[in-house]
Amino acid sequence: MTISEDVLIGYVREIKGAKLKVVVPDHVVLGPRMIHGQEYVIGRMGSFVRIPVPSADLFGIISDVGEQEAGMLVALGSSQVMGHQWMEVELVGESDRKGKFQRGVGIMPLLNAPVHAALAEDMSLIYGKPDPHHIQIGTHAAFQDLPAAINVDNLVTRHSAILGSTGSGKSNTVALILKALTQGAYPSAQIVVIDPHGEYKEALGDRARVFSINDAVNRLYVPYWAMTFDELAWFLVDRNSATESQQDKTLRDKIYEERKNNASRLKTGSMEKTYVTPDSPVPYDLRKVWYDIFFDEYSTYLEKDNYKIVAYKNSLTGEPLKGSIDQVIPPQFETASLTGTHPPYPSPARSGMGGYLNKMMMRLKDHSFDFLLNPGEYDGVKKDLGDLLDSWIGHPQPITVLDFSETPFEVMDLVVGTVTKMLFQAMFWGRSVAGVGRQRPLLIVFEEAHAYLSKSQNLQFIPGYSRTAVQRVFKEGRKYGVGGMLVSQRPSELDPTIISQAGTILALRISNNEDRGIIEAALPEALTGLTNFLSALRTGEAIIAGEAVNIPSRIRIPLVEPRPSSRDAEPVIEWSKPRASQNQYEQVVSFWRTRKMYLSK
Ligand SMILES: Nc1ncnc2c1ncn2[C@@H]1O[C@H](COP(=O)(O)OP(=O)(O)OP(=O)(O)O)[C@@H](O)[C@H]1O
Ligand SMILES: [Mg+2]
């Protein structure tokens, strides 16, 4: 079947694996040409060629072009047609005579096989007709009428990465993809966006529920009780998990005990104590843990061997100063006698917890960590883990935005790690439950991933909890219906295992050599022809390759409205305006101190 009018551009002169050298006869004029009313640039780098072989058409991308030295002219066939120009072509796929395209080539062309420019008809055959498995995310750069579609199943289950320099259009692309996924064709679509800069509220507000740590209605809680002991202790008492001190043991035992005590009271249903471990996601009261350890450490007693008669200090009214668990006020005791021979006697349970107690109290009293340490009604009894998951992904909207813009930077790794782990576990354990797991796949978008997935993190200070959790999504998520979409401007700083698991790469403009190298290495096929363009792409132009597309292509992505709130500042416009009134910095500082931002429209 001849798919389109033949536009000969050369002959195959050399074959090295999937790479061909094609020589262009002198009578062939490369460059712009009108064919069927559409303008083509014949022989341009990055454009497609078609090579008919007896049972199929092979398709390739022009990856290099050049001209021979005068003394090295190539004779083409018996007619002695000469060719000065040559091009290198990377084969990417083939279509059979029924017009069905598939990636990869099973047949090789013979030497001297003619090579044609691929025209719009060929391209639509390659990209297929719009169908329910595809969403459109733009048009092809070379064929503006040809929609660029991506396969939703592969995009979600085989993971993806959207990479490009700052301002190249990544967030716009994410917003566009998420809008296309939630446009109506998939009413049960389920997407969670990890949004470190609070960019998506505006762009996705009409189809998303946005949680943030200071929101009055949709408050984002990442409860401490969902963390393992190692995770919590890293944050709470600066513990490095490589070591286990006596203090660690005391804290771990106390948390374990509290989890066991709560196991029978859970809203979700009573849980056998034998199933509880120090790391089980069972709510408990951390304030009580702190208070009890404080009591064990500092309490004094009026009678030796009767540790019920506590030597509390008395206030002026004579009431014992018992402190307060909820308000994190320590109890006060009479000072123990130095000799220990007369009352008050010191606590027999003290174990050198002073340093840990101080650190715990500082954290518990710091309101910027309330979203972690003071999770409202989520105490396991009034509301449990199931309610939390339900609030995140059980609401009617298809998208959940977790806005971390007001989250203290030092806990981003811990918090993103915990959230990702919770979502993964929910999908994992829900895999046989209707409407969960594989029965309602979840796509998690990791925006600004370099902020918490950096490979250069110093393990001493940032333990890489997000990296572990996100790696798990990218390595095992496919089986449980969890897909990851990584978005970053610094691919060279990201954990390479995660990028290597991204089945689809959408690369926007990127100029840094190191970052380009990572993208080139990550692209699933040998694509030098396309990756050469990476630094020359326009804003919103991208190269997309991998599982979600039939063949790699250069596409143009439209600007979405309303846009993510990440648009460039406009110095000329802003600097031309009269100055605003004085004293704005008072407001700045109050936002800064309270970590609450009231975004101006
Ligand atoms: N497809 C597009 N067409 C035209 N302009 C675009 C397109 N995408 C983005 N822009 C413009 O480029 C600017 C940056 O876009 P965007 O925020 O999406 O970039 P980004 O890659 O996410 O940047 P960063 O890494 O800093 O988050 C915006 O001002 C936006 O208006
Ligand atoms: Mg962005």
Side-chain angles (χ1 to χ4, degrees), residues 46 61 92 103 127 133-142 146-181 191 193-194 199-200 203 443-450 453 470 474 483-492 494 498-512 515-525 527 529-560 564 566:
I61 299 173
V92 289
R103 267 186 299 178
Y127 292 110
H133 288 271
H134 288 77
I135 50 164
Q136 187 182 344
I137 57 162
T139 53
H140 286 272
L146 193 64
I150 51 176
N151 181 296
V152 175
D153 295 330
N154 290 346
L155 178 81
V156 175
T157 60
R158 302 295 166 88
H159 319 296
S160 60
I162 298 182
L163 308 169
S165 301
T166 178
S168 56
K170 296 181 297 299
S171 299
N172 179 72
T173 307
V174 171
L176 185 102
I177 293 177
L178 298 194
K179 282 191 166 178
L181 287 173
I191 300 155
V193 185
I194 306 287
E199 294 176 54
Y200 288 95
L443 172 65
I444 311 180
V445 180
F446 298 96
E447 249 287 0
E448 306 278 349
H450 46 275
L453 291 180
V470 177
F474 275 69
M485 177 184 281
L486 199 75
V487 186
S488 179
Q489 47 172 268
R490 283 315 308 272
S492 61
L494 291 183
I498 299 179
I499 298 194
S500 69
Q501 297 289 333
T504 302
I505 303 267
L506 202 146
L508 292 118
R509 180 181 61 250
I510 198 150
S511 26
N512 177 301
D515 291 330
R516 264 175 47 192
I518 298 290
I519 295 182
E520 279 165 18
L523 283 172
E525 288 133 72
L527 279 177
L530 282 175
T531 50
N532 286 339
F533 287 109
L534 282 174
S535 57
L537 292 171
R538 280 178 283 192
T539 303
E541 260 190 1
I543 287 162
I544 180 164
E547 310 261 359
V549 285
N550 268 343
I551 62 176
S553 21
R554 179 171 170 179
I555 61 172
R556 195 166 290 167
I557 296 162
L559 197 57
V560 290
S566 60

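Side-chain contact between Ile137 and Thr173: absent, with no pair of heavy atoms (C-beta onward) separated by less than 4.5 Å. Contact of the Arg490 side chain with the Asn512 side chain is registered, since non-hydrogen atoms from C-beta on lie closer than 4.5 Å.
The backbone N or O of Ile551 lies less than 3.5 Å from a partner atom in the side chain of Ser553, making a donor-acceptor pair. The main-chain N or O of Ile162 is never found under 3.5 Å from a side-chain atom of Lys170 such that the two would form a donor-acceptor pair. Remark: the backbone N or O of Asn151 is not paired with any side-chain donor or acceptor of His133 at under 3.5 angstrom. Under a 3.5 Å cut-off, the side chain of Asp153 and the backbone N or O of Arg158 do not form any donor-acceptor pair.
Taking each heavy atom of Leu537 and Leu508 in turn, the nearest pair found is CD1-C, 3.8 Å. Closest non-hydrogen pair, Glu199 versus Ser171, comes out as OE1-OG, 2.8 Å. Summarising the geometry of Ile61 relative to Pro552, their closest heavy-atom pair is CD1-O, 4.1 Å, with the distance given to 0.1 Å. Contact between Met485 and Phe474 at its shortest, heavy atoms only, is N-CZ, 4.1 Å. Closest approach of Val560 and Ala175 over heavy atoms only: CG2-CB, 3.8 Å. Minimum heavy-atom separation, Asp515 to Gln489: OD2-O, 3.8 Å.
Atom CG of Leu486 is separated from atom CG of Leu506 by 12.5 Å, given to the nearest 0.5 angstrom. In this structure, the separation between CG on Asn154 and NE2 on His134 is 8.0 Å, given to the nearest 0.5 Å. Note that the CG atom of Leu155 and the CD1 atom of Ile544 stand 7.5 Å from one another [nearest 0.5 Å]. A distance of 4.0 Å separates CD1 in Ile510 from CD1 in Ile519, rounded to the nearest 0.5 Å. Rounding to the nearest 0.5 Å gives a distance of 4.5 Å between CD1 of Ile543 and CG of Leu534. Within the model, atoms OG of Ser160 and CD of Gln501 stand 13.0 Å from one another, a figure rounded to the nearest 0.5 Å.
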Where do Val174 and Tyr200 land on the side chain to side chain contact (heavy atoms under 4.5 Å, CB included) test, with the steps shown first? CA-CA 9 Å; Val174 171; Tyr200 288 95; 3.4 Å; yes
Report the C-alpha distance between Arg509 and Thr539 in whole Å, list the side-chain angles of each, state the deciding distance to 0.1 Å, and finish with yes or no for side chain to side chain donor-acceptor pair (under 3.5 Å). CA-CA 7 Å; Arg509 180 181 61 250; Thr539 303; 3.3 Å; yes
Check the pair Ile150, Thr504 against side chain to side chain contact (heavy atoms under 4.5 Å, CB included), reporting the backbone distance first and the verdict last. CA-CA 10 Å; Ile150 51 176; Thr504 302; 5.7 Å; no
Determine, stepwise, if the pair Ile177 / Ile135 fulfils side chain to side chain contact (heavy atoms under 4.5 Å, CB included). CA-CA 8 Å; Ile177 293 177; Ile135 50 164; 4.3 Å; yes
Quick one: do Leu443 and Leu181 satisfy side chain to side chain contact (heavy atoms under 4.5 Å, CB included)? Show the steps, please. CA-CA 10 Å; Leu443 172 65; Leu181 287 173; 3.9 Å; yes
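Ion pair Arg554/Glu541 flagged as a salt bridge, since at least one NZ, NE, NH1 or NH2 atom sits closer than 4.0 Å to an Asp/Glu carboxylate oxygen.
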